Each structure stands twice: as C-alpha cells, then as structure tokens.
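Please read the structure below before turning to the comments.
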Amino acid sequence: MAGEYSIGDLAVKAGVKVQTIRFYEQKKLLPEPPRTGGGQRRYSEEHLNRLSFIRHGRDLGFSLEMIESLMLLKEHPEDDCAGADQIARAHLAQVEDKILRLKSLQTELKKMLVHCSSGKIHDCRVIEALSCDCYQHRKK
C-alpha cells in the first residue's frame with residue numbers, strides 16, 4: 001500500500017541505517033509499527049516524518065533527550081514556543097562552548113607545530129607536549 005514501508009524502505013527513504021531505526025524504537029522515539037499477518041513491520045508516513053525530524057535534529061547536534069522534548073512540544077502546535085526556544089538556546093550555548101574549546105585546542109596545536117624543529121624525536125615539541133601534563137594544568 002502507498003505510505004507503508006518495510007524497515008529497509010523506511011531506512012532508505014529517511015537516509016538512515018536499519019539499526020538506527022531499531023535504536024530509536026528501543027528509545028521510544030519511534031512508536032512500534034503494526035505488523036502484517038506474516039509478522040513484518042509496516043511503517044507509515046508518520047514514522048517517516050518522525051524519523052526525518054529525529055535525523056535532522058541529530059544533524060544539528062541536538063541530543064536525543066532534546067529531540068524527545070521537542071517532539072513532545074510538537075504534539076501541541078497551539079502552545080507557546082518558549083520551551084522549544086529554551087532547548088535551542090541551551091544547545092546553542094553548548095555549541096558555542098565547544099567552539100571555544102576547539103579554538104583553544106587549535107591554538108595549542110599550532111604552538112606545538114611552530115616549535116617543532118622537524119628534527120629528531122628527542123627534540124620533538126609534539127612528543128614533549130604530549131608527555132607532560134603542563135597543558136592539562138593550563139586548561140583548568
């Protein structure tokens with residue numbers, strides 16, 4: 001029937017792996033689909049829409065918990081969107097924090113490479129930096 005998919009067809013249509021669909025079912029992010037008389041799972045357009053929502057949220061880096069909360073909010077389209085804004089703002093703060101940490105890491109790696117003499121290992125700044133805990137203490 002139109003709008004009914006096997007798990008393999010759903011995976012292809014949504015751009016995910018079959019194992020991902022099963023994982024989301026175990027996490028209760030996707031409702032269990034009905035089965036045919038032969039026991040085969042049959043997924044609907046609603047499953048595809050939910051799976052696409054989850055996949056897009058994951059592509060944007062939202063945690064599964066955040067996505068679950070957003071899906072619950074989505075079930076009440078007439079409600080205020082403050083809850084969704086709050087989740088997105090929290091995620092943005094996490095992303096910005098990660099960017100700062102990555103920039104710091106980038107700076108440290110550049111320093112190591114600038115001071116690398118490309119000579120012998122016993123003079124290698126990269127090995128020296130990784131061997132001491134001075135960078136870990138500086139990070140705190």
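Since the model is a prediction, treat every value here as computed from it, not as a measurement. For the single chain, residues carry numbers from 1 onward in sequence order. We use all heavy atoms of the structure for the numbers below, so side chains are in, but hydrogens, waters and symmetry mates are not.
In the hydrophobic clustering of this structure, Tyr24 does not group with Val12; members are Ile, Leu, Val, Met, Phe, Trp, Tyr whose side-chain heavy atoms approach within less than 4.5 Å, directly or through other members. Both Val18 and Tyr5 belong to a single network of hydrophobic side chains, linked directly or stepwise wherever heavy atoms of I, L, V, M, F, W or Y lie under 4.5 Å apart.
Scanning both residues, Ser69 and Ile87, for their nearest heavy atoms gives CB-CD1, 3.5 Å. Nearest heavy atom pair, residue Gln40 against residue Ser6, reads NE2-CB, 3.9 Å. Residues Ala14 and Arg55 share a closest heavy-atom pair of O-NH1, 2.6 Å.
At a threshold of 4.0 Å, the pair Glu25-Arg41 counts as salt-bridged, since one of the basic side-chain nitrogens sits closer than that to a carboxylate oxygen.
Put simply, the side chain of Thr107 gets close to the backbone of Lys103: a donor and an acceptor are under 3.5 Å apart.
If you check the side chains of Asn49 and Ser52, you find no donor sitting under 3.5 Å from an acceptor.
For the pair Leu64 and Glu68, the minimum side-chain heavy-atom distance is 4.5 Å or more.
Tested against Phe62 for a side-chain contact (heavy atoms from CB on, under 4.5 Å), the candidates His91, Gln94, His56 yield a single pass: His91.
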Candidate pair Ile54 and Met71, rule side-chain contact (heavy atoms from CB on, under 4.5 Å), full reasoning: CA-CA 9 Å; Ile54 296 166; Met71 285 194 313; 3.8 Å; yes

Residues Phe23, Gln19; criterion side-chain contact (heavy atoms from CB on, under 4.5 Å); working and verdict: CA-CA 6 Å; Phe23 175 76; Gln19 296 88 343; over 6 Å; no

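Atoms CG and CG, from Leu102 and Leu109 in turn, are 10.5 Å apart once rounded to the nearest 0.5 Å. Annotation: the span from Glu65 atom CD to Ile67 atom CD1 amounts to 9.0 Å, rounded to 0.5 Å. Going from atom CG of Asp80 over to atom CG of Leu73 covers 10.0 Å, rounded to the nearest 0.5 Å. Considering CD1 of Ile21 and CZ of Arg50, their distance stands at 13.5 Å, rounded to 0.5 Å. Between atom NZ of residue Lys13 and atom CG of residue Leu51 there is a gap of 12.0 Å, rounded to the nearest 0.5 Å. Within the model, atoms CG of Leu30 and CZ of Phe53 stand 12.0 Å from one another, a figure rounded to the nearest 0.5 Å.
Counting heavy-atom neighbours within 6.0 Å of Arg35 CZ, excluding the residue itself, gives a total above 12.
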